[in-house]
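What follows is a short report on a single structure.
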Amino acid sequence: MADEPLDGFFQRLAEAQRRLDASFAHLPASPLPPLDEAATAILNEVAIKLHDNYPYAHPLYAGQMLKPPHPIARASYALAMSVNPNNHALDGGRASSAMEIEAVAALAKMFGWPQHLGHLTSGGTFANLEALWIAGQLAPGKSIAASDQAHYTHSRISAVLGLPFVKIPSDNTGRIDLRALESLLETQTIGTVVVTLGTTAIGSVDPLDEILKLQQRYNFRIHVDAAYGGYFTLAANLTPQIRAAYEAISQADSIVIDPHKHGLQPYGCGCVLFRDSTVGRFYKHDSPYTYFSSKDLHLGEISLECSRAGASAVALWATQQLVPYIPGGAFAQDLESSHEAALELYRRLAASPHFVTPSFLPALDIAFWTAKSSTPELSSALAQRIFDEAARHDLHLALATLPTRFFPPETWPQTEQSASVTCLRSVLMKPEHLAWIDQIWERLSNAITAAERVNTTPVPR
Ligand SMILES: *Cc1c(COP(=O)(O)O)cnc(C)c1O
C-alpha cells in the first residue's frame, strides 16, 4: 500500500522539521537521548506488531467507520510533536491555540454560525458530555431525550451527569418518531432533545427541521449530535428531506462533530460548539496551579478537559488549509462520492437474489443488508458466514444487529415488530470507495457463493 508520492511527501516533513528546529537554534545544544541500534530495532518490531490489524486505509476495508487521516494531517501532527504543545493554557501552546481557535471557527462557519463558543475535545464522547453538562446546568432535573438509534453514549453520559434519560422510539427508517416525541414533550419533563444527524449504525438523519417546529410549542433545548454526519452538510446530492434537516442545523443550541471521523484527522479530535457563547460562564473555575498568565482567552477556561493535544489542532488547521470546507470543493465532492457509493451498493444488493435490503435508501454513506432466508435467525447465521467468507476474500465488512422492522414487512412474514436480525454493514467513507464498487461487489458475490456452499454441506455425524 506504500506509494511513492507519500514517501516523497514525508521526506519533505524532515525539511519542515529542520526549519522548525532552526527557530530554536540560538539556544545552547541540549543532547537527545541516544537513538542507537536498540531504538531502531524496537521501531522495526513496532512495524511488525502493527501488522496485526485490518488494512483500514485500503478501500477493501469497507466495514466500520475508519478513514485514514490526510497525509497533511499526519505530517503536521508529527511536526507539532517535536514541540508537543498543550492547548490548556496559552503558555503551553501559543501557536497551536491560535490554530485551534481558527479551526473551530471554520467548523462553526460551516454550520452557519458567525459566532459561537467551542473547542476541540479528545473525541465525540467528551464533546457530547460537555454539551449535555451545559444542558443540565440550564435545565436542572429535566430529562435528556434521544432516539433508540442515537449513540449509546447519551444514556451513559446522562447517568454520569445524574440527569434522567428517556429513549424516543424511532420510525421504520431509523429517524426519531415525531408523534412519540411530541407525546413525550407534552409531559413537560424534557429539558433537551438529542437530534442525531447521521446515526452511527445506519447513518439515518433525524428530522431536525420538524423538531424545530415542535420547539415553538414546547420549551426544550436541541443538541445536535453530528459526530459522524456533520460534514455532510457540505454534500449537494442528499435527498431534499435530508437536506432540510441539515439546512436547519444553525438553529440548534449545540453541535458535536468529530473531525477524526469524516474530517481526515487522526484519532483524538472531536469538537463541541455552542450557539450562545455566554454558556462559557459555567466553565468558570479557580485553579491555583493553572498558569493563565494573560487576559487573552486560554482554551482551558472553556473546556472540561485540562491538558489537550495541541498537535490535534495543528493537524486540523493544516488540513483545512489544503481542503477547505467549501460546498462544491474537493472535500465536499469526496463526501458526495461516498454517498453515491452507498447508493450504488444498495442498488446492486437490491437487485440480487441473495440479499435483502432495507425499505429505505442509505441517507449518507452507510449501507446495511442481510442474507435472504426464511427467518431472521437463518438470515442472521448466513450473514455471519458471509462476513467471515468476505474477510477470507480480503473484503472487510462490519456486522450490526438491527430491528427487522427496517426491512419490508414481507421479508419474514411470521416475525414480530420487535425482532432483530444480524446485518452486514458497510461504511463507504473513503472517497475511493465509489471507484472500488466493482471489486467490492465481486468479492461479496464470491463470499455468498462460499457461504451458501458451507450452508448446504451436510453436518457429519
Ligand atoms: C462516534 C460517535 C460518537 C462517539 O464519538 P467518539 O469520537 O467515538 O468518542 C457519538 N455520537 C455519534 C453519532 C457517533 O457517530
Side-chain angles (χ1 to χ4, degrees), residues 56 63-69 73 103-104 107 111 118-135 144-161 165 167-168 170 173-176 192-208 211 222-233 242 245-246 249 252 254-273 303-305 308-309 312-313 315-316 335 338-339 342 362-368 398 400 402 425-429:
Y56 306 117
Q64 309 285 0
M65 285 174 179
L66 291 146
K67 182 171 174 176
V104 170
L107 286 164
F111 293 126
H119 59 85
L120 300 181
T121 62
S122 54
T125 303
F126 217 95
N128 277 303
L129 176 97
E130 293 201 18
L132 296 189
W133 172 64
I134 293 290
I144 305 290
S147 112
D148 57 22
Q149 291 301 305
H151 199 283
Y152 67 85
T153 196
H154 295 287
S155 69
R156 257 191 351 197
I157 288 170
S158 300
V160 169
L161 296 171
F165 177 82
K167 206 176 255 188
I168 314 162
S170 64
T173 67
R175 296 152 46 97
I176 282 185
T192 300
V193 175
V194 176
V195 178
T196 307
L197 298 193
T199 58
T200 315
I202 66 168
S204 53
V205 174
D206 286 334
L208 177 59
I211 295 168
I222 293 181
H223 169 59
V224 168
D225 183 359
Y228 182 66
Y231 284 109
F232 278 93
T233 193
I242 290 161
Y246 279 101
I249 208 166
S254 52
I255 306 172
V256 160
I257 181 168
D258 262 351
H260 71 198
K261 290 232 179 97
H262 250 302
L264 300 164
Q265 297 311 297
Y267 284 114
C269 193
C271 179
V272 62
L273 298 165
S303 161
L304 284 187
E305 287 174 283
R308 288 176 314 115
S312 285
L316 180 60
L335 293 160
S338 284
H339 176 52
L364 303 178
D365 58 354
I366 304 176
F368 72 96
L402 292 166
R425 170 171 163 270
S426 189
V427 183
L428 297 167
M429 69 195 299

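Values below: all heavy atoms of this structure, side chains included; hydrogens, waters and symmetry mates excluded. Please read all numbers here as calculations on a predicted model, not as lab measurements. Counting starts at 1 for both ligands and their atoms, in listed order.
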Worksheet item: Which bit of Thr199 gets closer than 4.0 Å to ligand 1, counting heavy atoms only: side chain, backbone, both or neither?
Response: neither
Response to the item:
Candidates Gly124, Ser122, Ala226; heavy atom nearest atom 6 (P) of ligand 1 found on Gly124
Worksheet item: Cut-off 3.5 Å, side chains only: do His154 and Asp225 have a donor facing an acceptor?
Response: yes
Worksheet item: Just which atoms of ligand 1 are under 4.0 Å from any heavy atom in Thr200?
Response: 12 (C), 13 (C), 14 (C), 15 (O)
Practice prompt. Mind listing the closest non-hydrogen atom pair of Thr192 and Ala135 along with its distance?
Written response: OG1-CB, 3.3 Å
Worksheet item: Is it the case that Glu130 and Thr121 place a side-chain donor and acceptor less than 3.5 Å from each other?
Response: no
For residues 260-273, run the donor-acceptor check on the side chains, cut-off 3.5 Å, and write out each pair with its distance to 0.1 Å, sequence neighbours left out.
from   : atom 1 : to     : atom 2 : distance (Å)
His260 : ND1    : Gly268 : N      : 3.0
His260 : ND1    : Cys269 : N      : 3.2
His260 : NE2    : Asp258 : OD2    : 3.2
Lys261 : NZ     : Asp258 : OD2    : 3.4
His262 : ND1    : Lys67  : NZ     : 3.0
His262 : NE2    : Tyr228 : OH     : 3.1
His262 : NE2    : Asp365 : OD2    : 2.8
Gln265 : OE1    : Leu316 : N      : 3.1
Gln265 : NE2    : Gly263 : O      : 3.0
Gln265 : NE2    : Thr319 : OG1    : 2.9

Item to complete: Heavy-atom contacts with Asp225 under 4.0 Å: which atoms of ligand 1 show up? List them by number with element.
Response: 10 (C), 11 (N), 12 (C), 13 (C)
Discussion item. Checking side-chain polar atoms at under 3.5 Å, does Asp148 have a donor or acceptor matched by the opposite partner on Ser170?
Written reply: yes
Fill in: Those atoms of ligand 1 less than 4.0 Å from some heavy atom in Gly123
7 (O)
Worksheet item: For ligand 1, which atoms, with element, lie under 4.0 Å from some heavy atom of Tyr228?
Response: 15 (O)
Worksheet item: Which is closest to atom 9 (O) of ligand 1 by heavy-atom distance: Thr125, Val224, Val256?
Response: Thr125
Worksheet item: Nearest to atom 1 (C) of ligand 1, what protein heavy atom do you find, and at what distance?
Response: Lys261 NZ, 1.4 Å
Fill in: Non-hydrogen atom of His260 closer than 4.0 Å to ligand 1
yes
Discussion item. Treating Glu305 as the side-chain partner and Ser122 as the backbone partner, does any N or O pair qualify as donor plus acceptor under 3.5 Å?
Written reply: yes
Worksheet, complete the sentence: To atom 4 (C) of ligand 1, the nearest of His262, His151, Gln149 on a heavy-atom basis is His151
Worksheet item: When you check the side-chain N and O atoms of Gln64 and Arg425, is any donor under 3.5 Å from an acceptor?
Response: yes
